[in-house]
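See structure below.
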2 protein chains.
Amino acid sequence: MHSLNNLIIEFYDKLSSWEQSVVKDTGYSLAQVHTIEVLGSHGPMRMKELADRLGITTGTLTVQVEKLVQFGLIVRTPHEVDRRSILVELTSEGTALHKHHNRMHLQLTEDITRHLDPESIKVLTQSFEKMNREF
Amino acid sequence: MHSLNNLIIEFYDKLSSWEQSVVKDTGYSLAQVHTIEVLGSHGPMRMKELADRLGITTGTLTVQVEKLVQFGLIVRTPHEVDRRSILVELTSEGTALHKHHNRMHLQLTEDITRHLDPESIKVLTQSFEKMNREF
DNA sequence: CCAAATAACTTGACAATCAAACTAATAAAT
DNA sequence: ATTTATTAGTTTGATTGTCAAGTTATTTGG
């Protein structure tokens, strides 16, 4: 258990470093790419929901979104029923960035699992499913 | 492979959120606790090495270390042979913080793996070992 | 209908960060 | 051995990410 704990911490650290270097190559900041990632994987959403998912306040997000709009990565559209809200969604350029980032992630997953046999990958997948449920 | 990739991303996200909330409870910042963690798990080291491990510049670290010294979590001692260098190490209070944080991590690991059978834990451990080697 | 809650925005104040310039010490080259 | 280049750490100035608190517009609940 102790060693598994250390391995998880090490895994997390290495993933952080990897993410940082991959993001740097895009020319956008970590916070910016993270925002794109959330929108890309969950679809358009309100400011409030996006802020919650990112773990930041809506005040911070307002500024962040402003920049991403200027970059042409996202657009703001009024919410159809709630006029207080606005929907944030990716432009085609934002979608392209998300897809690119996703491909990097997939490539990493392939790279780090290349010495695992099919049975281990199966157990690993099931274990991640169970662990993710317990957070 | 695709689903494993998504599970890893989800795992990473959840671990990030967990870390953020656990760190917030300590009253110290994420960057500060991270510094303590590295010193706690690798022992005293020079500024340069610490900066490299944290993925920041020595300029940033100088400021960061200054604060941690003021908090009484770390101390600076001159390097015995290289007079350009400084060794940074945890005080007993810093060590206590590290131990506390470590216990939180261990508890989390126990919590998220509680529905895994011993054989899965074994495979999971081996898989993490192999994956960590491939980064 | 009105009070309370909610969504987004604005502003002011800090952290954290980097790059570049700087000092001191060591290592390398000739 | 003397000079040159490299390395360790610090300082400074600018930028980014962040929050808390206050603002406005809208919706919801009593």
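Quick note: numbers below take in every heavy atom, side chains included, and nothing from hydrogens, waters or symmetry partners.
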Can you sort out which residues in residues 43-68 of chain A have a heavy atom within less than 4.0 Å of DNA chain C? Ascending by number, please. A:R46, A:M47, A:K48, A:G59, A:T62

Any residue of residues 13-29 of chain B with a heavy atom less than 4.0 Å from an atom of DNA chain C: B:S29

For B:F11 and A:F128, take the angle between the two ring planes, folded into 0 to 90°, and tell me which bin it lands in: parallel under 30, tilted 30 to 60, perpendicular over 60. perpendicular

Is it the case that [X] and [Y] place a side-chain donor and acceptor less than 3.5 Å from each other?
| X | Y | answer |
| --- | --- | --- |
| B:T57 | B:T60 | yes |
| B:D111 | B:Q107 | yes |
| A:H101 | A:E19 | yes |
| A:E134 | B:H115 | yes |

For C:dA15, which nucleotide is its Watson-Crick or G-U wobble mate, given both distances must be under 3.5 Å? none

Which one is paired to D:dT16, where only Watson-Crick or G-U wobble pairs with both distances under 3.5 angstrom count? none

Compare the minimum distances between each of D:dT18, D:dT27, D:dA8 and the side chain of B:S85, then state the nucleotide with the smallest one. D:dA8

Roughly how many Å is it from [atom1] in [X] to [atom2] in [N], rounded to a whole number?
| X | N | atom1 | atom2 | value |
| --- | --- | --- | --- | --- |
| B:R84 | D:dA8 | CZ | C1' | 6 Å |
| A:H79 | C:dT6 | NE2 | P | 16 Å |
| A:D82 | C:dA5 | CG | P | 17 Å |
| B:L30 | D:dT18 | CG | P | 11 Å |

Quick check: does any side chain N or O of A:S120 sit under 3.5 Å from a backbone N or O of A:L116, one acting as donor and the other as acceptor? no

Taking A:N132's backbone N and O only, do any of them form a donor-acceptor pair with B:K14's side chain (distance below 3.5 Å, no angle check)? yes

Which atom of B:K67 lies closest to which atom of B:Q32, heavy atoms considered: CD-NE2, 3.9 Å

Which atom pair, heavy atoms only, marks the closest approach of A:M131 to B:I112? CG-O, 3.4 Å

Does the side chain of B:R76 get closer than 4.0 angstrom to OP1 or OP2 of D:dT10 through an N or O atom? yes

If only side-chain N and O atoms of A:R83 are considered, is one of them under 4.0 Å from the OP1 or OP2 phosphate oxygen of D:dT27? yes

Taking syn as any angle within 90 degrees of 0 and anti as the rest, which one fits C:dA15? syn

Mind checking B:V81 for me? I need base, sugar-phosphate or nothing, with any heavy atom below 4.0 Å counting as a touch. sugar-phosphate

